[in-house]
Amino acid sequence: MTLLLRHGASLVPVFDPNVVTHIIISGRDCGSGKVADKAGYKKMSDVPLSIPTLTWDWIADGISFGKMPEHWDAGGKYIAFPERSQRNSKSDASVSNANARSTIAKKVQTNLERRKYRWANTSKATVVSGTPPIVPEAISGAESGVSVQCDKDDPLAEFYEAAAAEHFERVSARESDDDDSDPGPSKNAKKFAAQFTCDNPHPGPVGGCPNQDIVDQLSTLLDLVKCQPGPEPRQRAYTYSRAISSLRAHPKRIKSFEDAKRLPGVGERTASKIMEIIQTGGLERIKHENSESVQVVKLFQGIYGVGQNTAQMWYNNGCRTLEDLKTNPRIVLSDAQKVGIQFYDDINDRMPRAEAGALFELIKPIALSIDPALFVEIMGSYRRGKADCGDIDILISRDPSDGRTHEGILQELLERLVQAGIVTEHLALPGDFEDLENCYRGLCRLPNVAGSKRRRIDFLTVPWKNKGGALLYYTGDDIFNRSMRYKASTMGFSLNQRGLSAGVVRDPSRRSIKLNKGNIVASETEEEIFKMLNIKYRPPHERVTHFK
DNA sequence: CAGTAG
DNA sequence: GGGCCTTACTG
DNA sequence: GCCC
């Protein structure tokens, strides 16, 4: 609170709608009734909508993020009382791109019919979005590199900047709340918001990575190695990935061979490469590996649904360009690959974090409008706090203690998202929409933002009891997951998206074959899984590199 | 089943 | 020298 | 390519 005051905010003892600009909700036991009461109203709905009610995380996150204007508009995340924002904004996502929509609707239908599932006829009403209309504008502004308008409208704009500046001088600005031992309704929300922040002392964008040049060079090499056929390059690529993870997580500049070799996952060979990069700025090996075939294979592997083998095969067939693939009669493309080619550039582009957030804030209220009791969270690199995201992973579940589940929700949600012009193409549909555990892959875009790109999006649904396993799994990163699962397997466990199982019996000759699947021993929360594996709990933004 | 994805 | 994660969907 |  002192922070707020020091930066020009003033505290008023008596609520006056003509004076008050923001209501910050602090504390876990602060129901809407209490707030309304303090403000002198009978109920929350009487508080003018022009005055936002925001959580303390709005301040805390903003301080951590520094200048990210769009962050402040990132929608419902900081809204203390969602119902207020629901009323606040009607859908402006009801138009746009009718052609794409009908195409996709038709496609969904045929796909579903083939699988003998009913696709409820969708001519339902408009979708209500909880995202203020300002969000798409903030995004387009951000993309064109302009510092955005929300500052103008925001009386606390100066405070944000000053607070952000202060944050970089003093690492932890968090002086109130935060005791995780305390249960209660606000725990989840608070915790998630806190985990999204990038105020970690370890890796991450704060201050930038001191070894970025090394990371870039090794990443280039990694990309080239990944394109080579056979299992050996794949293992080498995995090794490079681990070394790169290690470098990213290392807070200090590597100066010597010994420095490099001390990093986990870095041995003699990689340490030598690191020295070459430090001394010459580049790697001879990169030029050496960068043959024509590798370049073409890399191009083809950029297509969704095309891997090493297919790409190499097409190269051997004489194909050299994406156009070749479309015209060569010998090449048969899957539906997903066709989409992959059509939106090649979009799919291979990473999106700004704010765009992922904006898409999620469009999607979440639509899901909640189907069933307000749903658990809906954004996972992947977004949850790890990365500044840009390759795709959007959304996890859906539901506490069944009231006797209801999220069965059928995904189908309904997709239907509405297609109608809203948010989901535009499908890549892979779940085997059975009636299952509680499902996996969907497709493309989406911000509707009503001219020229918005197609982005990869995945929806995952899991039974409530597996939520912890799913959170862990779908938060990643990849290296961290593989490392953790490997450790589990060496300890006689097996870790997957459903949780941690004990008593797993593996085929001695092929360890990947499980003779006995064992019993789940931890799956409700991430913490219990860490504990069972004897790994110190790490919040999402620290989940890079694990080893051992 | 191999290939691909995450 | 042997291991390097695990499961689901696609055709 | 790294690690046990």
Side-chain angles (χ1 to χ4, degrees), chain A residues 111 114-115 218 221-222 225-226 228-229 231-246 260-261 263-274 285 300-314 332-337 340 347 379-381 389-395 426-432 435 437-442 456-462 466 469-470 472-490 493-501 504 506 508-514 517 545-548:
Chain A
N111 267 319
R114 200 186 63 216
R115 291 158 189 271
L218 287 181
L221 182 56
L222 166 64
V225 169
K226 269 194 298 197
Q228 296 167 10
E232 301 84 10
R234 213 159 46 92
Q235 288 310 146
R236 264 198 297 147
Y238 179 48
T239 298
Y240 288 147
S241 303
R242 290 170 49 121
I244 290 167
S245 266
S246 230
K261 190 140 186 326
L263 295 174
V266 174
E268 302 273 341
R269 319 273 300 252
T270 308
S272 299
K273 290 184 177 69
I274 290 175
R285 183 68 175 272
F300 291 166
Q301 277 195 255
I303 301 169
Y304 181 93
V306 176
Q308 204 177 77
N309 297 290
T310 309
Q312 190 63 51
M313 194 182 71
W314 288 347
V332 181
L333 298 167
S334 70
D335 289 348
Q337 288 166 347
I347 294 176
M379 313 294 295
S381 49
C389 307
D391 66 358
I392 299 174
D393 304 298
I394 296 177
L395 180 67
H426 300 305
L427 295 170
L429 295 166
D432 182 349
D435 280 352
E437 181 178 325
N438 264 326
C439 176
Y440 165 88
R441 304 179 198 292
R456 282 275 300 105
I457 187 164
D458 296 341
F459 287 98
L460 316 137
T461 70
V462 298
N466 296 333
L472 185 60
Y473 184 87
Y474 293 112
T475 298
D477 68 2
D478 189 46
I479 300 294
F480 179 81
N481 278 350
R482 289 168 70 165
S483 174
M484 197 156 170
R485 281 176 253 160
Y486 183 48
K487 176 167 191 185
S489 85
T490 65
F493 294 107
S494 176
L495 178 61
N496 60 27
Q497 65 273 41
R498 294 196 259 276
L500 186 67
S501 301
V504 178
R506 290 185 152 85
S509 54
R510 292 179 62 182
R511 281 183 54 80
S512 60
I513 297 176
K514 288 194 280 193
K517 61 181 170 55
T545 313
H546 169 55
F547 308 121
K548 283 183 297 185

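Please read all numbers here as calculations on a predicted model, not as lab measurements. Convention: sequence-line order gives letters A, B, ...; per-chain numbering from 1. Quick note: numbers below take in every heavy atom, side chains included, and nothing from hydrogens, waters or symmetry partners.
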Atom pairs, N/O to N/O, protein against nucleotides 3-6 of chain B, distance under 3.5 Å?
{"from": "B:dG3", "atom 1": "O3'", "to": "A:T310", "atom 2": "OG1", "distance (Å)": "3.3"}
{"from": "B:dT4", "atom 1": "OP1", "to": "A:G307", "atom 2": "N", "distance (Å)": "2.7"}
{"from": "B:dT4", "atom 1": "OP1", "to": "A:G307", "atom 2": "O", "distance (Å)": "3.2"}
{"from": "B:dT4", "atom 1": "OP1", "to": "A:T310", "atom 2": "N", "distance (Å)": "3.0"}
{"from": "B:dT4", "atom 1": "OP1", "to": "A:T310", "atom 2": "OG1", "distance (Å)": "2.4"}
{"from": "B:dT4", "atom 1": "OP2", "to": "A:N309", "atom 2": "N", "distance (Å)": "3.3"}
{"from": "B:dT4", "atom 1": "OP2", "to": "A:N309", "atom 2": "ND2", "distance (Å)": "3.0"}
{"from": "B:dT4", "atom 1": "O5'", "to": "A:G307", "atom 2": "N", "distance (Å)": "3.3"}
{"from": "B:dA5", "atom 1": "OP1", "to": "A:G305", "atom 2": "N", "distance (Å)": "3.2"}
{"from": "B:dA5", "atom 1": "OP1", "to": "A:V306", "atom 2": "O", "distance (Å)": "3.4"}
{"from": "B:dG6", "atom 1": "OP1", "to": "A:R456", "atom 2": "NE", "distance (Å)": "3.4"}
{"from": "B:dG6", "atom 1": "OP1", "to": "A:R456", "atom 2": "NH2", "distance (Å)": "2.9"}
{"from": "B:dG6", "atom 1": "N2", "to": "A:Y473", "atom 2": "OH", "distance (Å)": "2.8"}

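With C:dC9, C:dT6, C:dG11 as the candidates, the nucleotide lying closest to the side chain of A:K514 is C:dT6.
A:R285 is linked by a salt bridge (Lys or Arg N to Asp or Glu O under 4.0 Å) to A:E289, counting only residues two or more places apart in sequence or in another chain. For A:K226, the salt bridge (Lys or Arg N to Asp or Glu O under 4.0 Å) partners are A:D223, not counting sequence neighbours. Residues that satisfy the salt bridge (Lys or Arg N to Asp or Glu O under 4.0 Å) test with A:D478, not counting sequence neighbours, are A:R482. Applying the side chain to side chain donor-acceptor pair (under 3.5 Å) criterion to A:D458, with sequence neighbours excluded, gives A:R441, A:R456. A:S334 meets the side chain to side chain donor-acceptor pair (under 3.5 Å) test with A:Q337; sequence neighbours excluded. Taking A:Y240 as the reference, nothing meets the side chain to side chain donor-acceptor pair (under 3.5 Å) condition, with sequence neighbours excluded. Judged as a salt bridge (Lys or Arg N to Asp or Glu O under 4.0 Å), and not counting sequence neighbours, the contacts of A:R498 are A:E437.
No engagement by A:K261 is indicated, since no non-hydrogen atom pair under 4.0 Å with the nucleic acid exists.
Of the P atoms belonging to B:dG6 and C:dC4, the separation is 23 Å, rounded to the nearest Å. Look at the C1' atom in both C:dT7 and D:dC2: the space between them is 26 Å, to the nearest Å.
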inquiry  = For Watson-Crick and G-U wobble pairs within 3.5 Å on both distances, what is DNA chain C written in dot-bracket notation, | included for inter-strand pairing?
reply    = |||||.|||||
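No side-chain donor-acceptor contact under 3.5 Å links A:S381 to the backbone of A:C389.
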